[in-house]
Amino acid sequence: MVRQPRFRASHPLGGDRRGDVMLLINGMPVIHIELKRSKVDVSQATFQIKRYTHEGVFGSGIFKMVQIFVAMAPEETLYFSRIQRHQKLCRCVQ
(Lines give C-alpha, C1' and ligand atoms only; values in the text may rest on other atoms or scores of the structure.)
Protein backbone atom coordinates (compact mmCIF):
# COMPACT_ATOMS: atom_id res chain seq x y z
CA MET A 1 0.00 0.00 0.00
CA VAL A 2 1.27 3.45 -0.88
CA ARG A 3 -0.14 6.66 0.59
CA GLN A 4 -0.37 9.70 -1.66
CA PRO A 5 1.44 8.47 -4.77
CA ARG A 6 2.61 11.36 -6.93
CA PHE A 7 1.66 11.44 -10.63
CA ARG A 8 3.24 13.68 -13.23
CA ALA A 9 0.65 15.68 -15.19
CA SER A 10 0.79 15.44 -18.98
CA HIS A 11 0.89 19.23 -19.37
CA PRO A 12 3.92 21.02 -17.88
CA LEU A 13 1.72 23.72 -16.33
CA GLY A 14 -0.55 21.13 -14.72
CA GLY A 15 1.74 20.38 -11.81
CA ASP A 16 1.99 17.04 -10.08
CA ARG A 17 -1.10 15.17 -8.94
CA ARG A 18 -1.37 13.14 -5.76
CA GLY A 19 -3.70 10.23 -5.26
CA ASP A 20 -4.80 9.12 -1.81
CA VAL A 21 -4.02 5.38 -1.71
CA MET A 22 -2.57 2.90 -4.20
CA LEU A 23 -2.72 -0.84 -3.57
CA LEU A 24 0.13 -2.85 -5.04
CA ILE A 25 0.24 -6.54 -5.87
CA ASN A 26 3.78 -7.89 -6.31
CA GLY A 27 4.96 -4.30 -6.51
CA MET A 28 2.62 -3.37 -9.36
CA PRO A 29 -0.12 -0.74 -8.88
CA VAL A 30 -3.49 -2.45 -9.37
CA ILE A 31 -6.06 -0.51 -7.32
CA HIS A 32 -6.28 3.28 -6.99
CA ILE A 33 -8.40 4.73 -4.16
CA GLU A 34 -9.55 8.33 -3.79
CA LEU A 35 -10.86 9.23 -0.32
CA LYS A 36 -13.19 12.06 0.68
CA ARG A 37 -14.06 13.17 4.18
CA SER A 38 -17.51 12.91 5.70
CA LYS A 39 -20.23 15.07 4.13
CA VAL A 40 -18.23 15.48 0.90
CA ASP A 41 -20.06 13.80 -1.96
CA VAL A 42 -18.31 10.71 -3.33
CA SER A 43 -18.89 12.04 -6.86
CA GLN A 44 -16.04 14.50 -6.23
CA ALA A 45 -13.68 11.52 -5.88
CA THR A 46 -14.97 9.96 -9.12
CA PHE A 47 -14.53 13.32 -10.87
CA GLN A 48 -10.95 13.45 -9.62
CA ILE A 49 -10.23 9.94 -10.98
CA LYS A 50 -11.78 10.85 -14.34
CA ARG A 51 -9.71 14.06 -14.46
CA TYR A 52 -6.51 12.10 -13.79
CA THR A 53 -7.49 9.67 -16.55
CA HIS A 54 -8.20 12.51 -18.98
CA GLU A 55 -4.80 14.03 -18.14
CA GLY A 56 -3.10 10.74 -19.03
CA VAL A 57 -1.99 9.78 -15.52
CA PHE A 58 -3.17 6.18 -15.95
CA GLY A 59 -2.29 5.96 -19.65
CA SER A 60 1.46 5.47 -19.54
CA GLY A 61 4.29 4.20 -17.40
CA ILE A 62 3.75 1.95 -14.42
CA PHE A 63 0.36 3.52 -13.56
CA LYS A 64 -0.98 2.11 -16.82
CA MET A 65 -1.32 -1.16 -14.88
CA VAL A 66 -4.06 0.18 -12.57
CA GLN A 67 -7.21 -1.87 -13.23
CA ILE A 68 -9.65 -0.91 -10.46
CA PHE A 69 -10.63 2.51 -9.18
CA VAL A 70 -12.40 3.13 -5.87
CA ALA A 71 -14.01 6.40 -4.74
CA MET A 72 -14.79 6.42 -1.02
CA ALA A 73 -16.48 8.61 1.52
CA PRO A 74 -17.54 7.34 4.97
CA GLU A 75 -21.15 7.10 3.79
CA GLU A 76 -20.69 5.61 0.30
CA THR A 77 -18.25 3.70 -1.89
CA LEU A 78 -18.13 3.53 -5.69
CA TYR A 79 -15.85 1.18 -7.60
CA PHE A 80 -15.26 0.63 -11.28
CA SER A 81 -12.76 -0.87 -13.66
CA ARG A 82 -10.71 1.22 -16.07
CA ILE A 83 -12.93 4.08 -17.19
CA GLN A 84 -14.80 3.48 -20.42
CA ARG A 85 -17.30 5.78 -22.10
CA HIS A 86 -20.87 5.37 -20.85
CA GLN A 87 -19.74 3.00 -18.09
CA LYS A 88 -22.03 2.45 -15.14
CA LEU A 89 -20.53 2.71 -11.64
CA CYS A 90 -21.22 0.08 -8.98
CA ARG A 91 -22.48 1.59 -5.74
CA CYS A 92 -21.87 0.20 -2.28
CA VAL A 93 -23.86 1.85 0.51
CA GLN A 94 -23.33 1.01 4.17
Side-chain angles (χ1 to χ4, degrees):
M1 178 166 57
V2 178
R3 287 182 43 200
Q4 291 197 319
R6 188 175 285 179
F7 312 116
R8 182 164 266 130
S10 59
H11 193 279
L13 297 177
D16 287 344
R17 303 286 187 219
R18 291 183 188 204
D20 290 327
V21 179
M22 182 78 64
L23 298 179
L24 310 173
I25 297 177
N26 291 332
M28 302 299 165
V30 177
I31 301 171
H32 177 78
I33 302 170
E34 283 297 327
L35 304 170
K36 294 297 172 195
R37 66 179 171 264
S38 187
K39 300 194 175 144
V40 174
D41 194 71
V42 75
S43 65
Q44 288 188 17
T46 58
F47 175 76
Q48 198 169 346
I49 292 169
K50 289 177 182 181
R51 185 178 66 215
Y52 290 168
T53 301
H54 178 72
E55 291 175 351
V57 168
F58 302 114
S60 63
I62 194 163
F63 296 115
K64 187 176 183 177
M65 300 181 80
V66 174
Q67 297 298 311
I68 299 171
F69 297 94
V70 180
M72 295 179 76
E75 301 82 18
E76 186 176 15
T77 299
L78 299 174
Y79 60 96
F80 46 97
S81 62
R82 292 189 69 77
I83 297 173
Q84 304 293 326
R85 284 183 161 196
H86 313 297
Q87 184 173 357
K88 224 177 190 180
L89 304 180
C90 300
R91 291 187 179 269
C92 299
V93 181
Q94 295 179 339

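In this chain, numbering begins with 1 at the start of the sequence shown.
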| message | Run the side-chain contact (heavy atoms from CB on, under 4.5 Å) test on L35 and V21 for me, step by step, so that the C-alpha distance in whole Å, both residues' side-chain angles and the decisive distance to 0.1 Å come before the verdict. | response | CA-CA 8 Å; L35 304 170; V21 179; 4.0 Å; yes
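Linking ILVMFWY side-chain heavy atoms closer than 4.5 Å, directly or via other members, places V57 and M28 in a single hydrophobic cluster. Transitive grouping of hydrophobic side chains (ILVMFWY, heavy atoms separated by less than 4.5 Å) brings L24 and I62 into a common cluster. V40 and M72 fall into different hydrophobic clusters, defined by Ile, Leu, Val, Met, Phe, Trp and Tyr side-chain heavy atoms under 4.5 Å apart, directly or through other members.
Under a 3.5 Å cut-off, the side chain of Q67 and the backbone N or O of M65 do form a donor-acceptor pair.
Annotation: side chain of L23 is in contact with side chain of I33 (closest heavy-atom distance under 4.5 Å). Between F80 and I49, some side-chain heavy-atom pair lies under the 4.5 Å cut-off. Side chains of M22 and V66 form a contact here, defined as non-hydrogen atoms less than 4.5 Å apart. A heavy-atom distance below 4.5 Å is found between the side chains of F58 and H32.
When ring centroids are compared, F63 and Y52 stay outside the 6.0 Å threshold.
Interatomic distance, OG1 of T46 versus CG of L78, reported as 6.0 Å (0.5 Å rounding).
The only option from E75, Q48, Q44 that meets the side-chain hydrogen bond (donor to acceptor under 3.5 Å, both in side chains) definition with K36 turns out to be Q48.
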